[in-house]
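We use all heavy atoms of the structure for the numbers below, so side chains are in, but hydrogens, waters and symmetry mates are not.
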Amino acid sequence: IVHHSRDTPEKQWDETLALAFDGVRRVLSHFSEQAGAVAFAPLAYAMLLQVQETLRTLGSETSTSAIRALVDLMRIPSALQLFEVELLTVDPRLLPGDVKMTSVWLLGWRVLWQLLTHCMSRELPENLIESFTASMVALRSSHGHCFSAEQHLILLQFS
């Protein structure tokens with residue numbers, strides 16, 4: 001017997017993605033403390049690329065999981081450590097070619113900015129807006145002292 005909320009392959013895939021985001025985020029959170037930025041950055045970057053693609057679909061359940069995973073990833077202490085971009089296979093949509101140093105924190109903000117510009121011309125479900133707002137408020141509560149002026153403006157756009 002399959003619950004009605006998981007009665008199609010699409011719904012089952014959405015649930016799989018939601019579970020994957022949560023699992024990978026937990027592993028990265030525990031792994032990052034011992035590994036340092038050099039080992040943590042490429043793995044976090046790969047997750048950021050998947051989060052970015054998932055957020056573009058604006059599917060309610062997957063986007064909610066993706067934004068939570070993104071914010072949780074940005075809150076990991078290692079996310080603030082700078083690393084050399086040459087550690088990554090760079091996706092030009094996420095990082096301009098002239099940048100030499102970055103952090104998971106800065107890359108996460110880039111994903112958030114792209115999400116905001118993507119959402120500006122679309123109608124979003126109310127529960128998705130609430131999830132985005134709650135995640136951003138949680139980020140500001142824990143890391144507001146790290147925000148730049150531009151990041152505060154991005155947060156205001158989400159509100």
(Q) Among residues at least two apart in sequence or on other chains, which ones pass side-chain hydrogen bond (donor to acceptor under 3.5 Å, both in side chains) with Q34? (A) none
Side chains of [X] and [Y], heavy atoms from C-beta outward: is any pair under 4.5 Å?
{"X": "Q52", "Y": "L107", "answer": "no"}
{"X": "F83", "Y": "T102", "answer": "yes"}
{"X": "T64", "Y": "F132", "answer": "no"}
{"X": "W109", "Y": "E150", "answer": "no"}
{"X": "K100", "Y": "E84", "answer": "no"}
{"X": "H118", "Y": "L55", "answer": "no"}
{"X": "T54", "Y": "F21", "answer": "yes"}

Q.
Applying side chain to side chain contact (heavy atoms under 4.5 Å, CB included) to L80 and C146, what does each step give before you reach the verdict?
A. CA-CA 9 Å; L80 294 168; C146 299; 4.0 Å; yes
(Q) Taking L112 as the starting point, is it possible to reach I129 by hopping between hydrophobic residues whose side chains are less than 4.5 Å apart? (A) yes
Distance-only check: which donor-acceptor pairs under 3.5 Å involve side-chain atoms of residues 67-79, not counting sequence neighbours?
| residue | atom | partner | partner atom | Å |
| --- | --- | --- | --- | --- |
| D72 | OD2 | R25 | NE | 3.2 |
| R75 | NE | S142 | OG | 3.0 |
| S78 | OG | S32 | O | 3.2 |

(Q) Listing request: all salt bridge (Lys or Arg N to Asp or Glu O under 4.0 Å) pairs with a residue in residues 123-133, at least two apart in sequence or in separate chains. (A) none
Q: Report the residue from Q81, R110, Q151 that forms a side-chain contact (heavy atoms from CB on, under 4.5 Å) with W105.
A: Q151
Q: Could you grab the distance from atom CD of Q114 to atom CZ of R56, nearest 0.5 Å is fine?
A: 6.0 Å
Q) If you round to the nearest 0.5 Å, how far is CH2 of W113 from OG1 of T117? A) 6.5 Å
Q) Sub-3.5 Å donor-acceptor pair from the side chain of S141 to the main-chain atoms of V137, do we have one? A) yes
Q: Evaluate the side chain to side chain contact (heavy atoms under 4.5 Å, CB included) criterion for residues L128 and S63: first the C-alpha distance (whole Å), next the side-chain angles of each, then the deciding distance (0.1 Å), finally the verdict.
A: CA-CA 7 Å; L128 191 54; S63 292; 3.5 Å; yes
Q: In sequence, state the C-alpha distance, the side-chain angles, and the governing distance for K11 and T8, and then conclude on side chain to side chain contact (heavy atoms under 4.5 Å, CB included).
A: CA-CA 5 Å; K11 291 177 182 178; T8 67; 3.2 Å; yes
Q. Looking only at heavy atoms, which two atoms of V51 and A66 are closest? And how far apart?
A. CG1-O, 3.7 Å
